[in-house]
Trainee: 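The structure is given below, and queries will be raised subsequently.
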Amino acid sequence: MKYLRKTVWALLIGLSFQNCAKKAEDKKEETSTEEKTAAREIWTKEQAKDWYGKQEWIVGADFLPSTAINQLEMFQEASFDTATINKELGWAEGIGMNTMRVYLHDLLWQQDSTGFLKRLDTFLSIADKHKIRPVLVLFDSCWDPFPKLGTQRAPKPGVHNSGWVQSPGFNALKDSTQYPRLERYVKGVVGKFADDDRVLAWDIWNEPDNTNNSSYGKVELPNKVDYVLPLMKKAFAWARTENPEQPLTAGIWAGDWTSYETLKPIEKASIDESDVISFHNYDSAQEFEKRIKQLQQYDRPMICTEYMSRGNGSFFEGSLPIAKKYNVGAINWGLVDGKSQTIYPWDSWKKTYTSEPPLWFHDIFRKDGTPYKQAEVDLIKKLTARK
C-alpha cells in the first residue's frame, strides 16, 4: 500500500512538472509569435541618424547585369547569370562603390518562392564578396504595366528600357484579391533577410506615382495613384511586421518639395513612412543641391537613389561632389551598357536611334569593362577613396 501511495505521488509530481513545462513552452511560443507579429515602429530621427552614422559614405549604381533586360530575367532560374553578376560587381568594387540598388518582382515569388529566395541569397553572397551591400526594391511603377513570367522579349533596338516591367502589374494592382499574395511576397522576402547585414536597405516602391506618359501612358491603369497610395502604405506596414534591422524608404522624385504642405499625398506618405529619406534627381548640379536643401527640413539621413543622366545635364562631376559635401548617399542609374539599353535617352521612345548616341545617357562601363569616360571613373575612385 505504501509502495502504491509513493507511485501515485510520483506520477502526480511528474504530471505536474510536465504540465508546467508545457505551459512554459506554450508561453515561449506565444511570446515568440507576439514578437514576430508586433510590427516595429518607424525609426525616430535619432535611430535613423545612429544607423547612418555607422555606414560608409553610400555610393553605388542601380544594377541590372548586362545580360538581363529586366528584373524577371535577372532572377528567373533559366537566366540567372551569376558569372556576369560577379564580373560586373567586380568592376563596381574596383571604382570604390559599396552598394547597388536592385529591383525584385512579386511574380518571382509567385513563380517559385523557395527558388527565388535561394537565388537572391546567392546574389547577396556574390555582392558581399565584392564588399557591396544592396538596396533591394520591392515594387516599381515604371515602364511596362503587363509583366509576364518566362522568357523575356528581346530589346527594341535603340530604345531606353524597352523591356522593363512594373511590379505589381496593371492586373494585380487593380485586383484587391491579389493583395494577400503581395503581402506574402513582402513578408517572405523581408522576413528572410530582416537581420542580414548583407542588405543595406529596403526600397518599398520605386516612383510610385509614375504614370509613364511618354511610353505606356495610353495603356496605364486609370487613376493608378489611387490604387498605389493605399497599397504602398500597406507594403510599409507588411515590411515592418518582420522587424527589419535595415531602414525602409520610398523615394520622392518629382513635384514641389518647398515644404511639407506643397507635397502631393503620395510624397507625404513616402516621407512619413520612411526611416531614411530617399529621392531622385536627374537635373543640374544646382538643382541637385537645391533638392538636398529642401529635404533637410525632415532632419533625417538622405540617399539619392537615382541620378546621372548626361543628356539631361546630370553628371558625376556635378552631383557626386555635392552629395559628398552634404553626406548624402549617391546611387546613379546604370552600371554596364547592356540589354536595358539605358545609354539611349528617354526620348528614344519617340525618336529613332540607329547607332550609339554621341553622349551616353546612363551607365559607366562598356560590356568589356572599359569605362565610357575614364575621367568619370577616376573621379568616383577619388571621392570614394578611404583616407
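For the numbers below, each heavy atom of this structure counts, side chains included, while hydrogens, waters and symmetry mates do not. It should be emphasised that the depicted structure is a prediction, and the values quoted were computed from it without experimental measurement.
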Trainee: Can Asn210 and Trp143 be said to form a side chain to side chain donor-acceptor pair (under 3.5 Å), step by step?
Mentor: CA-CA 9 Å; Asn210 194 328; Trp143 306 107; over 6 Å; no
Trainee: So, Asp140 versus Trp164: side-chain donor-acceptor pair below 3.5 Å or not?
Mentor: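 Judged by distance alone, the side chains do pair up.
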Trainee: If you round to the nearest 0.5 Å, how far is CZ of Arg119 from CE of Met74?
Mentor: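 The CE atom of Met74 sits 11.5 Å away from the CZ atom of Arg119.
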Trainee: When you check the gap from the basic side-chain N to the acidic O, do Glu317 and Lys373 get nearer than 4.0 Å?
Mentor: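 Looking at Lys373 together with Glu317, the answer is no, because their closest N to O distance does not fall below 4.0 Å.
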Trainee: Are Trp91 and Ile364 close enough, and set up right, to give a side chain to side chain contact (heavy atoms under 4.5 Å, CB included), and what steps lead you there?
Mentor: CA-CA 10 Å; Trp91 298 341; Ile364 300 171; over 6 Å; no
Trainee: Are Tyr227 and Leu138 linked, directly or through intermediate hydrophobic residues, by side-chain heavy-atom contacts shorter than 4.5 Å (ILVMFWY only)?
Mentor: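 Both belong to a single hydrophobic cluster.
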Trainee: How long is the gap from CG on Asn223 to CG on Leu229, to the nearest 0.5 Å?
Mentor: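 Output value for this atom pair is 12.5 Å.
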Trainee: Check Tyr307, Phe361, Trp346 against Tyr282 for a ring-ring contact (aromatic ring centres under 6.0 Å, His included) and give me the one that passes.
Mentor: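 For Tyr282, the ring-ring contact (aromatic ring centres under 6.0 Å, His included) test succeeds with only one of Tyr307, Phe361, Trp346, which is Trp346.
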Trainee: Run the salt-bridge test on Lys131 and Glu56 with the 4.0 Å N-O cut-off and return the result as yes or no.
Mentor: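 A salt bridge is absent here (no side-chain N lies under 4.0 Å from a carboxylate O).
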Trainee: ring-ring contact (aromatic ring centres under 6.0 Å, His included), that's the test. Do His160 and Tyr353 meet it? Break it down for me.
Mentor: CA-CA 10 Å; His160 177 112; Tyr353 287 82; over 10 Å; no
Trainee: Between Thr305 and His280, do the side chains contain an N or O donor and an N or O acceptor separated by less than 3.5 Å?
Mentor: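 Indeed, the side chains of Thr305 and His280 share at least one donor-acceptor pair under 3.5 Å.
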Trainee: Distance check, rounded to the nearest 0.5 Å: Gln76 atom CD versus Leu108 atom CG?
Mentor: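 Going from CD on Gln76 over to CG on Leu108, the span is 6.0 Å.
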Trainee: Do other residues, nucleotides or ligands put more than 12 heavy atoms under 6.0 Å from Lys192 NZ?
Mentor: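 No - once you tally the heavy atoms of other residues, nucleotides and ligands closer than 6.0 Å, there are 12 at most.
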Trainee: For Gln110 and Asp106, which I'm curious about, is there any donor-acceptor pair between the side chains at under 3.5 Å?
Mentor: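 Looking only at side-chain atoms, Asp106 and Gln110 do not form any donor-acceptor pair under 3.5 Å.
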Trainee: Just by distance, no angles: are the side chains of Glu88 and Ser66 close enough, under 3.5 Å, to form a donor-acceptor pair?
Mentor: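 A pair is found: one side chain offers a donor N or O, the other an acceptor, under 3.5 Å apart.
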Trainee: Any luck finding a side-chain donor-acceptor pair between Gln297 and Tyr260 under 3.5 Å?
Mentor: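 No donor-acceptor contact under 3.5 Å links the two side chains.
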Trainee: For the residue pair Asn86 / His130, report whether a side-chain donor-acceptor contact shorter than 3.5 Å exists.
Mentor: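 On atom types as modelled, these side chains qualify, holding a pair under 3.5 Å.
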Trainee: Does NZ in Lys233 sit with more than 12 non-hydrogen atoms of other residues, nucleotides or ligands closer than 6.0 Å?
Mentor: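 12 or below, so no.
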Trainee: Closer than 4.0 angstrom, basic N to acidic O: yes or no for Arg101 and Asp62?
Mentor: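 Between Asp62 and Arg101 there is a salt bridge, with a charged N closer than 4.0 Å to a carboxylate O.
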Trainee: Give, for atom CG of Leu72 and atom CD of Gln111, the distance between the pair rounded to the nearest 0.5 Å.
Mentor: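 It comes to 8.0 Å.
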Trainee: Search all heavy atoms of Pro155 against all heavy atoms of Ser162 and return the closest pair with its distance.
Mentor: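 Of all heavy-atom pairs spanning Pro155 and Ser162, the closest is CA-OG, 3.4 Å.
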Trainee: Please check this pair: side chain of Tyr179 against backbone of Leu173, looking for a donor-acceptor N/O pair closer than 3.5 Å.
Mentor: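 Looks like yes, one N/O pair under 3.5 Å.
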Trainee: Does Arg310 form a side chain to side chain contact (heavy atoms under 4.5 Å, CB included) with Phe316? I'd like the steps, not just the answer.
Mentor: CA-CA 9 Å; Arg310 300 178 187 90; Phe316 284 113; 4.2 Å; yes
Trainee: For the pair Arg300 and Asp275, find out whether any cationic side-chain nitrogen is under 4.0 Å from an anionic carboxylate oxygen.
Mentor: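 So Arg300 does not pair with Asp275 through a salt bridge.
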Trainee: Grouping I, L, V, M, F, W and Y whenever their side-chain heavy atoms are under 4.5 Å apart, do Leu221 and Met232 come out in a common cluster?
Mentor: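 Yes: a chain of side-chain contacts under 4.5 Å links Leu221 to Met232.
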Trainee: Under a 3.5 Å threshold, yes or no: a donor from one side chain and an acceptor from the other, between Ser314 and Asn312?
Mentor: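 Looking only at side-chain atoms, Asn312 and Ser314 do not form any donor-acceptor pair under 3.5 Å.
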Trainee: For residues Asn206 and Cys142, report the shortest heavy-atom separation together with the two atoms involved.
Mentor: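 Minimum heavy-atom contact is ND2-SG, 3.5 Å.
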Trainee: For the residue pair Ser176 and Pro180, what are the closest heavy atoms and their distance?
Mentor: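 That closest heavy-atom pairing would be O-CD, 3.7 Å.
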Trainee: Compare every heavy atom of Lys339 with every heavy atom of Ala68, then report the nearest pair and how far apart it is.
Mentor: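 Nearest heavy atoms, Ala68 then Lys339: O-CB, 3.6 Å.
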Trainee: Compare every heavy atom of Ala239 with every heavy atom of Pro244, then report the nearest pair and how far apart it is.
Mentor: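 So the minimum-distance heavy-atom pair works out to CD-O, 3.2 Å.
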Trainee: Is it true that a side-chain atom of Ser141 and a backbone atom of Pro208 form a donor plus acceptor pair closer than 3.5 Å?
Mentor: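 The answer is yes, because a donor-acceptor pair under 3.5 Å joins these two groups.
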Trainee: For the residue pair Trp333 / Glu306, report whether a side-chain donor-acceptor contact shorter than 3.5 Å exists.
Mentor: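 The answer is no; no qualifying pair exists.
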Trainee: Around atom NZ of Lys234, are there more than 12 heavy atoms from other residues, nucleotides or ligands closer than 6.0 Å?
Mentor: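 For Lys234, atom NZ is not crowded (no more than 12 foreign heavy atoms under 6.0 Å).
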Trainee: Is it the case that one hydrophobic cluster holds both Val135 and Leu248, taking links as side-chain heavy atoms less than 4.5 Å apart, direct or via other members?
Mentor: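 Val135 and Leu248: separate clusters.
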Trainee: Once side chain to side chain contact (heavy atoms under 4.5 Å, CB included) is applied, do any residues pair with Asn327, and if so which ones, sequence neighbours excluded?
Mentor: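 Checked Asn327 against side chain to side chain contact (heavy atoms under 4.5 Å, CB included); matches are Tyr52, Trp57.
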Trainee: Given the rule in the side chain to side chain contact (heavy atoms under 4.5 Å, CB included) test, do Glu267 and Ile271 qualify, once you have shown the distances and angles that lead to the verdict?
Mentor: CA-CA 6 Å; Glu267 293 166 349; Ile271 295 291; 5.6 Å; no
Trainee: Rounded to the nearest 0.5 Å, how far apart are CD1 of Ile95 and CG of Leu379?
Mentor: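 Here the interatomic distance stands at 10.0 Å.
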Trainee: Partners of Trp257 by ring pair (Phe, Tyr, Trp, His ring centres under 6.0 Å), sequence neighbours excluded?
Mentor: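 So Trp257 forms no ring pair (Phe, Tyr, Trp, His ring centres under 6.0 Å) with any residue.
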Trainee: With side chain to side chain contact (heavy atoms under 4.5 Å, CB included) as the test, would you mind laying out the steps for Trp51 and Val276 before giving the verdict?
Mentor: CA-CA 9 Å; Trp51 173 83; Val276 298; 4.1 Å; yes
Trainee: Assigning hydrophobic clusters by single linkage (Ile, Leu, Val, Met, Phe, Trp, Tyr; side-chain heavy-atom cutoff under 4.5 Å), is Val59 placed with Met100?
Mentor: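 Val59 clusters together with Met100.
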Trainee: Is Ile42 reachable from Phe236 through a run of I, L, V, M, F, W or Y residues, each pair having side-chain heavy atoms under 4.5 Å apart?
Mentor: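 Not linked; separate clusters.
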Trainee: With a 4.5 Å heavy-atom cut-off, do Ile252 and Leu295 have their side chains touching?
Mentor: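 Yes. Closest side-chain heavy atoms under 4.5 Å.
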Trainee: Using modelled atom types only, decide if a donor and an acceptor are shared between the side chain of His105 and the backbone of Gln166 within a distance under 3.5 Å.
Mentor: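 The answer is yes, because a donor-acceptor pair under 3.5 Å joins these two groups.
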Trainee: Nearest 0.5 angstrom please: Leu263 CG to Asp272 CG, how far?
Mentor: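 The distance works out to 9.0 Å.
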Trainee: I'd like to know if Asp196 and Arg198 make a salt bridge, using a cut-off of under 4.0 Å between side-chain N and carboxylate O.
Mentor: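 Answer for the salt bridge query: yes.
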Trainee: Let's go through Trp349 and Tyr344 carefully: what are the C-alpha distance in whole Å and the side-chain angles of both, what is the deciding distance for ring-ring contact (aromatic ring centres under 6.0 Å, His included) to 0.1 Å, and is it a yes or a no?
Mentor: CA-CA 10 Å; Trp349 281 86; Tyr344 295 95; over 10 Å; no
Trainee: If you define the side chain from C-beta out and look only at heavy atoms, does anything of Gln71 sit under 4.5 Å from Val165?
Mentor: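 A side-chain contact exists here, since the closest heavy-atom pair is under 4.5 Å.
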Trainee: I'd like to check the ring pair (Phe, Tyr, Trp, His ring centres under 6.0 Å) partners of Phe139; sequence neighbours left out, ordered by chain and number.
Mentor: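 For Phe139, the residues satisfying ring pair (Phe, Tyr, Trp, His ring centres under 6.0 Å) (neighbours in sequence not counted) are Tyr185, Trp205.
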Trainee: Tell me whether Lys129 is salt-bridged to Glu93, with the criterion being a basic N under 4.0 Å from an acidic carboxylate O.
Mentor: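 Judged by the 4.0 Å cut-off on N to carboxylate O distance, Lys129 and Glu93 do not form a salt bridge.
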Trainee: So which heavy atom on Lys324 is nearest to which on Leu383, and how close?
Mentor: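 Looks like NZ-O, 2.6 Å.
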Trainee: Decide yes or no on side chain to side chain donor-acceptor pair (under 3.5 Å) for Thr342 and Asp363, but give the supporting numbers first.
Mentor: CA-CA 7 Å; Thr342 53; Asp363 300 320; 2.9 Å; yes
Trainee: Are Glu220 and Asn212 linked by a side-chain donor-acceptor pair shorter than 3.5 Å?
Mentor: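 Asn212 and Glu220 do have a side-chain donor-acceptor pair below 3.5 Å.
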Trainee: Salt-bridged, Lys54 to Asp50, with N to O below 4.0 Å?
Mentor: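 Salt bridge: yes.
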